[in-house]
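Let me begin by presenting the structure, written as structure tokens, before commenting on it.
Note that these values count all heavy atoms, side chains included, but never hydrogens, waters or copies made by symmetry. Read the numbers this way: they start at 1 and go in the same order the structure lists the ligands and their atoms. Being a predicted model, the structure only gives us computed values, none of them experimental. Residue indices begin at 1 and follow the sequence shown.
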Amino acid sequence: MSKKVYIQIYGCQMSERDGASFRAMAENCGYTETGARDEADLVIVTTCCVRESAENRILGNIGHLNRWKKEKPGRLLAVTGCLVQQTGALERLRRRAPHVDIWIGAFEQERFADLLREGKPGAVVAAAPPPGPPLETAPLAERGKISANVNIIYGCDNHCAYCVVPATRGPERSRPPAAVLDEVRRLAESGVREVVLLGQNVNSYGRAENWREDFAWLLREVARTPGLWRVRFTTSHPKDLTDALIETAAAEPAVCPHFHLPLQAGSDRVLRAMNRGYTAAYYLERVRAIRRALPEARISTDLIVGFPGETEEDFGETLRLTREVRFSQAFTFMYSRRSGTAAAALPGQTPLETRRERLRRLMALQAEMSLSWRQALVGTTQEVLTTGPSKHNPALLNGQTAGREITVFPGAPEDVGLLTPVLITKVNSWTMFGEINRK
Ligand code: SAH
Ligand code: SF4
């Protein structure tokens, strides 16, 4: 019987994609995937260290895996991703979790396969991302998957004052257009209907390489892949959002009318201190440009409260912009001080209670905004890409509209993987409910 691998993912879609690549590597080495950790001989954990809370939670869970290891001799535990790639973190991590067999950088997938074949636990692999062009990952066989993540650019050349990502993922490196298009074509041939193009800032695709092919070009080519119905992309840095990209999104039917455009803060003073490279007015102008070209476009965002020195008045600007833009969705975070970042050394760190209280107010406002978007869709019929049964109730199906609203409705297993017209009957801030409407 073949050995089994269980993948535990923490963090963003890039971490999810790392998990898929490591899974493919383990499969090349004779493992088969299991959804039950207790059956597994190998657990691979992909990690995140963007905020301290995430880091602590993941370290706690890695700690618990010590029990899992002891239950059966020969079990292997491998940890990869941002947490491992932080400068100087490895020694600290090894002391804290000595039961981990393999610490490995997300870019070291070939090396990981070698370790599995050699069956050599106890290995620690240098984790810094390579400076050269990105390694091509193992081809992904996305069995039965309807939506798949595709990396187009690794790393980040921005220096947002709060952020550890440039330190864990290295400088920007784009995947050659042919590699991206080839992967997308293979995915579509294997039945994938939606791809999500991933990068810390997809808008700077090809910039470090000085390629003629920019992101707007790539998006158009991907959108024209036969068999592919939907294309999404994330993340778009507002300072680099070009008119050409907006035009492509408006012109290509397969490109979903959705922009994830992290604002982070509404006050110009805070935006400057964050080193974001735009003002609130510039951001609003970009939003207007999107809505002129695509009136139905949803704009979602990331927001941070309590950046060092943020006053009540500054925070008021974040509330004001949240209301003015009317985001369809927002990921809201309390500022987390990360060592090695520029903001960690700033005076005026905001007390935890103030950050908590601002987060509560911001979340309440965003819940109103999210609800108002969804309420406007009640009574309309939306095309939903149906991805599978609902997690909470297997009698219901689950999918997403082009605008990325999660939608739940009664349906048959044959509807999975299809674009289903759904009449929206009821909504809350997070989910829409409806019924199939094939008229
Ligand atoms: N590259 C993407 C996002 C990367 S991290 C971008 O530029 O938007 C995802 C989100 O985590 C960020 O958008 C930011 O809102 C949040 N984040 C990053 N570092 C943080 C920190 N130190 N404290 C709180 N939130 C943080
Ligand atoms: Fe971090 Fe800014 Fe780069 Fe996003 S753009 S990964 S927030 S440094």
Side-chain angles (χ1 to χ4, degrees), residues 10-18 47-57 81-83 85-86 106 129 149 151-174 196-205 207-208 215 232-241 259-266 270-278 283 286 299-310 315 318 321-322 327 329-346 349-350 352 354-356 358-359 362-363 366:
Y10 295 100
C12 65
Q13 282 154 299
M14 261 160 263
S15 195
E16 205 179 290
R17 172 57 207 236
D18 289 343
T47 59
C48 169
C49 61
V50 160
R51 284 166 295 276
E52 196 182 355
S53 51
E55 180 169 327
N56 287 338
R57 189 165 55 94
C82 282
L83 190 57
Q85 287 155 213
Q86 288 180 93
N149 294 324
N151 288 321
I152 65 164
I153 175 167
Y154 300 97
C156 182
D157 282 352
N158 293 305
H159 300 279
C160 302
Y162 49 81
C163 186
V164 290
V165 170
T168 65
R169 295 268 158 175
E172 283 178 1
R173 286 142 294 146
S174 294
V196 188
L197 304 178
L198 292 184
Q200 296 300 341
N201 179 12
V202 290
N203 295 340
S204 53
Y205 179 78
R207 184 187 292 167
F215 181 55
R232 302 183 181 283
F233 51 94
T234 195
T235 291
S236 230
H237 197 306
K239 77 176 164 54
D240 300 315
L241 176 69
F259 288 75
H260 184 65
L261 211 56
L263 168 65
Q264 312 296 3
V270 174
L271 285 171
R272 206 175 322 116
M274 286 178 163
N275 195 26
R276 285 291 288 176
Y278 53 84
Y283 186 93
R286 292 287 75 195
I299 297 173
S300 60
T301 204
D302 294 351
L303 296 164
I304 298 177
V305 301
F307 186 79
E310 182 188 79
F315 173 63
T318 299
L321 260 84
T322 298
F327 295 113
Q329 189 182 18
F331 299 92
T332 52
F333 307 109
M334 262 195 290
Y335 167 73
S336 170
R337 184 182 192 169
R338 306 275 55 204
S339 72
T341 62
L346 289 177
Q349 301 281 328
T350 316
L352 179 62
T354 313
R355 280 182 284 153
R356 275 210 185 114
R358 287 182 188 163
L359 186 65
L362 181 59
M363 287 171 78
Q366 181 52 40

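Partners of N275 according to the side-chain contact (heavy atoms from CB on, under 4.5 Å) rule, which considers only residues two or more places apart in sequence or in another chain, are H159. Partners of A345 according to the side-chain contact (heavy atoms from CB on, under 4.5 Å) rule, which considers only residues two or more places apart in sequence or in another chain, do not exist here.
Across all non-hydrogen atoms, the minimal contact from V164 to V50 is CG2-CA, 4.1 Å. The heavy-atom pair separating P262 from P238 by the smallest distance is O-CG, 3.3 Å.
Listed by chain and number, the protein N, O or S atoms at a distance under 2.8 Å from atom 1 (Fe) of ligand 2 are C163 SG.
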Full working for side-chain contact (heavy atoms from CB on, under 4.5 Å) between C49 and Q85: CA-CA 9 Å; C49 61; Q85 287 155 213; over 6 Å; no
side-chain hydrogen bond (donor to acceptor under 3.5 Å, both in side chains) assessment of E310 paired with Y335: CA-CA 10 Å; E310 182 188 79; Y335 167 73; over 6 Å; no
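Near R276, the atoms of ligand 2 lying under 4.0 angstrom from a non-hydrogen atom of the residue are 2 (Fe), 7 (S).
Taking the six-membered ring where tryptophan is involved, the planes of Y283 and Y278 are tilted, since the angle between them lies from 30° to 60°.
For the side chain to side chain donor-acceptor pair (under 3.5 Å) test with H260, the passing option among T234, D302, T301 is D302; the others fail.
The immediate protein surroundings of ligand 1, defined as residues with any heavy atom under 4.0 Å of it, consist of V50, R51, Y162, Q200, T235, P262, Q264, R276, D302, I304, F333, M334, Y335, S336, R338.
For the atom pair R356 CZ and T350 OG1, the distance stands at 13.5 Å (nearest 0.5 Å).
The pair R207-D157 does not meet the salt-bridge criterion, since no charged nitrogen lies less than 4.0 angstrom from a carboxylate oxygen.
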